[in-house]
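Here's the structure, in structure tokens; my notes come after.
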Amino acid sequence: MRVLVTGGAGFIGTNFVLRTIETRPDVEVTVLDALTYAGNADNLSSVAERITFVRGDVADAETVDRLVGENDVVVHFAAESHNDVSLRNPEPFVRTNLVGTYTILEAVRRHGRRLHHISTDEVYGDLELDDPARFTTSTPYNPSSPYSSTKAGSDLLVRAWVRSFGVDATISNCSNNYGPYQHIEKFIPRQITNVLSDIRPKLYGAGRNVRDWIHVDDHNDAVWTIIEKGRTSETYLIGADGERDNLTIVGLILELSGRPADWFDHVTDRAGHDLRYAIDSSKLREELGWRPRYTDIRAGLAQTIDWYRDNESWWRPAKAAVEARYAEAGQ
Ligand code: NAD
Ligand code: TDX
């Protein structure tokens, strides 16, 4: 099988490519990545001989058409992915997430290829903290931010291309990922690298917002399960029953790092900050037999802290600039 992985030099895409090469010797991987600030080609240096890497834009129709034509399956991870950045400058979100997905869809349609589109639980908006409900595939779309609205729009484009043109596509909406190679602008790696830099962790607002954490390897195993066993035109929700509020996550990081429990700051809240996400992944579990392997978030976080401690050269060059941007916003 020849697989085109868009966004393969970012956090989840890197983990997907490394794991695919390790566990599926019969798969040929081509990565298409624009190497924005969030992408890093060095992530893939250990498998450079085993993959084809193309630096390019998913909104560039010519490049996309050629690469889609040369592959059997497209796994579309490429996106602008950070809510805080989307609040400062939404333009690249519209271009990459909407025009990029449109460009992929047109190429997939022309060449009759299979697409798996990677999306997020944020398309459903948020839940109240005391609401026992979780998102299902029938929850109405209700995105809050420029990021999540462009991801919602990209999902709707995929659905329309399936219905109108018979494109062979599946969609997955996953909850918050953590693990190695995540950009340090994101919550968990920001706090881990803060602690490693002697900076106090920064919690937006009261820290009561809830995210449903899943280890990136569990997400990527689910993606392979859908590629291999998923029914065409279906949407699958991916989640590992990992609901925790941000305060709890910071508490665990402090404890695992041997710091006092109150060694953190409350900072300016995010505009329009979604309260709670929670995924009901029973469709994926019951229909396709997927199960998460990382069910102990404490152990998963300990392993992630070790990775950032052991790979300081990977994140250190970006740290001062990331913190300076947050400081400007009072965060
Ligand atoms: P990331 O920001 O770490 O990586 C994105 C990658 O896409 C980078 O390598 C970047 O260079 C590349 N890219 C950006 N614009 C591009 C363009 N125009 N053309 C080609 N490449 C481009 O993001 P991530 O956290 O790995 O997320 C990957 C996907 O998973 C996204 O679609 C995101 O919406 C989705 N997702 C993420 C999470 C999460 O918790 N991180 C959860 C659910 C879904
Ligand atoms: O310094 C921080 N302090 C803080 O309290 C940062 C960076 C974040 N937060 C809060 C905001 C959220 O409640 O932590 C939570 C997680 O924040 P992010 O890591 O920015 O993730 P989120 O906004 O939930 O979105 C993530 O999950 C869904 C990914 O970035 C998206 O790509 C994915 O779709």
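Because the structure is predicted, anything quoted here is derived from the model rather than measured. Both ligands and their constituent atoms are indexed starting at 1 by order of listing. Note: hydrogens, waters and symmetry copies are ignored here, and every other heavy atom, side chains too, is used.
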Would one find an N or O of Asp84, backbone or side chain, under 3.5 Å from an N or O of ligand 2?
no

State whether the number of non-hydrogen atoms from other residues, nucleotides or ligands found under 6.0 Å of Arg50 atom CZ is greater than 12.
no

What is the nearest protein non-hydrogen atom to atom 5 (O) of ligand 2, stated with its residue, atom name and distance?
Tyr204 N, 2.9 Å

Pi-cation contact, Tyr326 with Arg190 (under 6.0 Å, within 45°)
yes

hydrophobic_cluster_shared for Leu156 and Val123, side chain cutoff 4.5 Å:
yes

Give me the one residue out of Asp126, Asp121, Asp241, Asp212 that meets salt bridge (Lys or Arg N to Asp or Glu O under 4.0 Å) with Arg134.
Asp241

Derivation of the side-chain contact (heavy atoms from CB on, under 4.5 Å) call for Asp65 and Glu62
CA-CA 5 Å; Asp65 186 73; Glu62 215 170 289; 5.9 Å; no

Looking at side-chain heavy atoms only, is the closest gap between His117 and Ser154 below 4.5 Å?
yes

Starting from atom 1 (O) of ligand 2, which protein heavy atom do you reach first, and at what distance in Å?
Arg190 NH1, 2.7 Å

Taking the side chain as everything from C-beta on, heavy atoms only, tell me whether Ser281 gets closer than 4.5 Å to Arg291.
no

I'd like to know if Lys283 and Glu287 make a salt bridge, using a cut-off of under 4.0 Å between side-chain N and carboxylate O.
no

Which residue and atom name correspond to the protein heavy atom nearest atom 12 (C) of ligand 2, and how close is it?
His273 NE2, 3.4 Å

Rounded distance [0.5 Å steps], CG in Asn71 versus OG1 in Thr30:
4.5 Å

Evaluate the ring planes of Tyr37 and His183, with Trp represented by its six-membered ring, and classify them as parallel (under 30°), tilted (30 to 60°) or perpendicular (over 60°).
perpendicular

Any nitrogen or oxygen of Tyr277 lying under 3.5 Å from a nitrogen or oxygen in ligand 2? Just yes or no.
no

Could you tell me whether Asp274 and ligand 2 have an N or O pair separated by under 3.5 Å?
no

Numbering the atoms of ligand 2 from 1, which are under 4.0 Å from a heavy atom of Tyr326?
7 (C)

For ligand 2, which atoms, with element, lie under 4.0 Å from some heavy atom of Thr120?
28 (C), 33 (C), 34 (O)

Please test Arg325 against Glu328 for salt bridge (Lys or Arg N to Asp or Glu O under 4.0 Å), starting from the C-alpha separation and ending with a verdict.
CA-CA 5 Å; Arg325 258 193 312 276; Glu328 266 172 42; over 6 Å; no

Under-4.0 Å salt bridge between Glu80 and Arg95:
no

I'd like to check whether Glu185 has a polar contact with ligand 2, where a contact means an N/O of the residue lying under 3.5 Å from an N/O of the ligand.
no

Would you mind listing which atoms of ligand 2 come within a distance below 4.0 Å of any non-hydrogen atom of Tyr147?
31 (C), 32 (O), 33 (C), 34 (O)

Test salt bridge (Lys or Arg N to Asp or Glu O under 4.0 Å) applied to Asp84 and Arg270, step by step
CA-CA 7 Å; Asp84 292 324; Arg270 173 183 288 169; 2.7 Å; yes

How close does the nearest protein non-hydrogen atom get to atom 20 (O) of ligand 2, and which residue and atom is it?
Arg270 NH2, 2.8 Å

Looking only at protein heavy atoms, which one is nearest to atom 19 (O) of ligand 2, and how far off is it?
Phe187 N, 2.9 Å

In terms of residue, atom name and distance, what is the protein heavy atom nearest to atom 29 (C) of ligand 2?
Ser81 O, 4.0 Å

If you apply the rule side-chain contact (heavy atoms from CB on, under 4.5 Å), what do you find for Ile184 with Tyr308, and how did you get there?
CA-CA 10 Å; Ile184 58 168; Tyr308 283 91; 4.2 Å; yes

If you scan protein heavy atoms around atom 28 (C) of ligand 2, the nearest is Glu122 OE2, 2.9 Å

Could you tell me, atom by atom, which parts of ligand 2 come under 4.0 Å of a heavy atom of Gln191?
1 (O), 2 (C), 3 (N)

Arg211 N/O to ligand 2 N/O under 3.5 Å:
yes

Interfacing atoms of ligand 2 (cut-off 4.0 Å, heavy-atom, His82)
20 (O)

For atom 10 (C) of ligand 2, what's the nearest protein heavy atom and its distance?
Asn246 ND2, 3.4 Å

Just distances here: any N/O of Asn176 and N/O of ligand 2 closer than 3.5 Å?
yes

Kindly assign one of parallel, tilted or perpendicular to the pair Tyr277 and Phe135, based on the angle between their ring planes and the thresholds 30° and 60°.
tilted

Residues Arg276 and Asp131 bridged, charged N to O under 4.0 Å
no

Tell me, which residues have any heavy atom less than 4.0 Å from some atom of ligand 1?
Gly7, Ala9, Gly10, Phe11, Ile12, Asp33, Ala34, Leu35, Thr36, Ala38, Gly39, Gly56, Asp57, Val58, Phe77, Ala78, Ala79, Ser81, Thr96, Ile118, Ser119, Thr120, Tyr147, Lys151, Cys174, Ser175, Asn176, Asn177

Using a 4.0 Å heavy-atom cut-off, which part of Lys151 comes near ligand 2: side chain, backbone, both, or neither?
neither

Do any N/O atoms on Ile188 end up under 3.5 angstrom from N/O atoms on ligand 2?
no

Should Asp121 be counted as touching ligand 2, given the test is an N or O pair under 3.5 Å?
no

